[in-house]
2 protein chains.
Amino acid sequence: MISTRGRYALRVMIDLAEHAGDMYIPLKDIAERQGISKKYLEIIVKDMVAGGLITGASGKGGGYRLSRRPEDYPIGEIIELTEGSLASVACLAGGSVSCPRSADCRTLPLWAGYDKLTHDYFFSKTLQDLL
Amino acid sequence: MISTRGRYALRVMIDLAEHAGDMYIPLKDIAERQGISKKYLEIIVKDMVAGGLITGASGKGGGYRLSRRPEDYPIGEIIELTEGSLASVACLAGGSVSCPRSADCRTLPLWAGYDKLTHDYFFSKTLQDLL
DNA sequence: CATTTGCCTACTATGTCAATAGGTTTTTAG
DNA sequence: CTAAAAACCTATTGACATAGTAGGCAAATG
């Protein structure tokens, strides 16, 4: 289940894209428009800056803006960054298969197939597609 | 993320299918074969009985067995029953869209599309496919 | 230089997950 | 007919994640 972190991050990205201009957009404005606590958004937005999704500027006239064009953001990248991973089961998270039973696990192919489906879905769409 | 509840339930189903005969299979045996706490399995198995997936029999010589043929169990039914729902976001769980912003939500189609993909994937496979 | 804004650490309430513990009831095998 | 084996039931627990809240510091500009 996608939590508020990923969903809010996506809404921030959309808000930034829809209000893009030559100025930075204060988080206060985004929080008000989206009806989300500004304080909570700060936590999420921090990861988005660290992950290179957006750029922040302090001081008066500061705020945030996208660091790429909307069509250059795969949705999957935004979600993975803020949710941690979009793996369907714990034994497939982190890149490597860790479970000792994986060699003859009846269910592993099921989860692996679902993971691929999920990955393909979210990486085939970009932020542009949501505008 | 699919939790142990859904994953263990699936493994119980597979174990029951692979050891099917004219006798009931004690949970103790399943727990030992699968390397899962029997006490924890009791909780999960309880829901599976209530949901009509399997049949339990008390007393000596008792245990559990499948109540249908393996090809008549869609994987999605097993997971939904034990996980509660396989909806990707809270606003799509429970059947109805509850969010007040849903009318002009930029992200809802994304989640709805993913939900459909997920549903189709897990309901297109049956227990038989995992054996 | 005061205001606006991002940035940072810490704290908290609530709930879920993954069990564990200890019993009661049911049924059959011997 | 009784003892063992099994399901069935309620309650509790420790760890962790979620979804925030609170308060202040740093930076930049108008």
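Quick note on labels: first sequence line is chain A, next is B, and so on, each numbered from 1.
Classified by interplanar angle (parallel below 30°, tilted 30° to 60°, perpendicular above 60°), the ring pair A:Tyr114/B:Tyr114 is parallel.
Atom pair A:Ile54:CD1 and C:dG6:P shows a separation of 10 Å (rounding to whole Å applied). In this structure, A:Met23 atom CE and C:dG6 atom P are separated by 13 Å, rounded to whole Å. Per the geometry, CD1 belonging to B:Ile2 stands 12 Å off P belonging to C:dC17, to the nearest Å. When the P atom of D:dA19 is taken as reference, atom CD1 of A:Ile43 falls 11 Å away, rounded to whole Å. As rounded to whole Å, 12 Å separates atom P of D:dT18 from atom CZ of A:Arg7. Rounded to a whole Å, the CD atom of A:Glu42 is 15 Å from the P atom of D:dC25. Distance CD1 (B:Ile44) to C1' (C:dT16): 14 Å, rounded to an integer number of Å. In this structure, CG of A:Asp47 is placed 13 Å from C1' of C:dC8, rounded to the nearest angstrom.
Using a 4.0 Å heavy-atom cutoff across all strands shown, A:Tyr24 reaches no nucleic acid atom at all. Across all strands shown, B:Leu27 has heavy atoms under 4.0 Å from sugar-phosphate atoms exclusively, and none from any base. Note on B:Gly61: nothing from the nucleic acid sits closer than 4.0 angstrom, heavy atoms only.
A donor-acceptor contact shorter than 3.5 Å links the side chain of A:Tyr121 to the backbone of B:Leu110. The backbone N or O of B:Gln34 sits less than 3.5 Å from a side-chain atom of B:Arg11, completing a donor-acceptor pair.
Regarding contacts with the backbone of D:dG20, a side-chain N or O of A:Tyr8 is found under 4.0 angstrom from either OP1 or OP2. Taking only side-chain nitrogens and oxygens, B:Thr4 never comes nearer than 4.0 Å to OP1 or OP2 of C:dC17. For A:Ser58 and C:dT4, the shortest distance from a side-chain N or O to OP1 or OP2 is not below 4.0 Å.
With C:dC8, C:dT5, D:dC8 as the candidates, the nucleotide lying closest to the side chain of A:Pro26 is C:dT5. Considering only the side chain of B:Lys60, C:dT28 comes nearest among C:dT28, C:dC8, C:dT3.
Looking at A:Arg106 and B:Glu18, a side-chain N of the basic residue comes within less than 4.0 Å of a carboxylate O on the acidic one, giving a salt bridge.
In terms of position on DNA chain D, the residue among B:Gly62 and A:Ala57 whose nearest nucleotide sits closer to the 5' end is B:Gly62.
Taken from CG in A:Asp120 to CG in B:Leu117, the straight-line distance is 9.5 Å, to the nearest 0.5 Å.
Heavy-atom distances under 4.0 Å link DNA chain C to B:Ser37, B:Lys39, B:Tyr40 of residues 29-40 of chain B, given in residue order.
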Is there a salt bridge (charged side-chain N to carboxylate O under 4.0 Å, His left out) between A:Lys46 and A:Glu42? Walk through the geometry before answering.
CA-CA 6 Å; A:Lys46 186 189 160 196; A:Glu42 281 183 359; over 6 Å; no
Determine whether B:Ile75 and B:Phe123 satisfy the following criterion, side chain to side chain contact (heavy atoms under 4.5 Å, CB included), listing intermediate values before the conclusion.
CA-CA 6 Å; B:Ile75 302 293; B:Phe123 276 86; over 6 Å; no
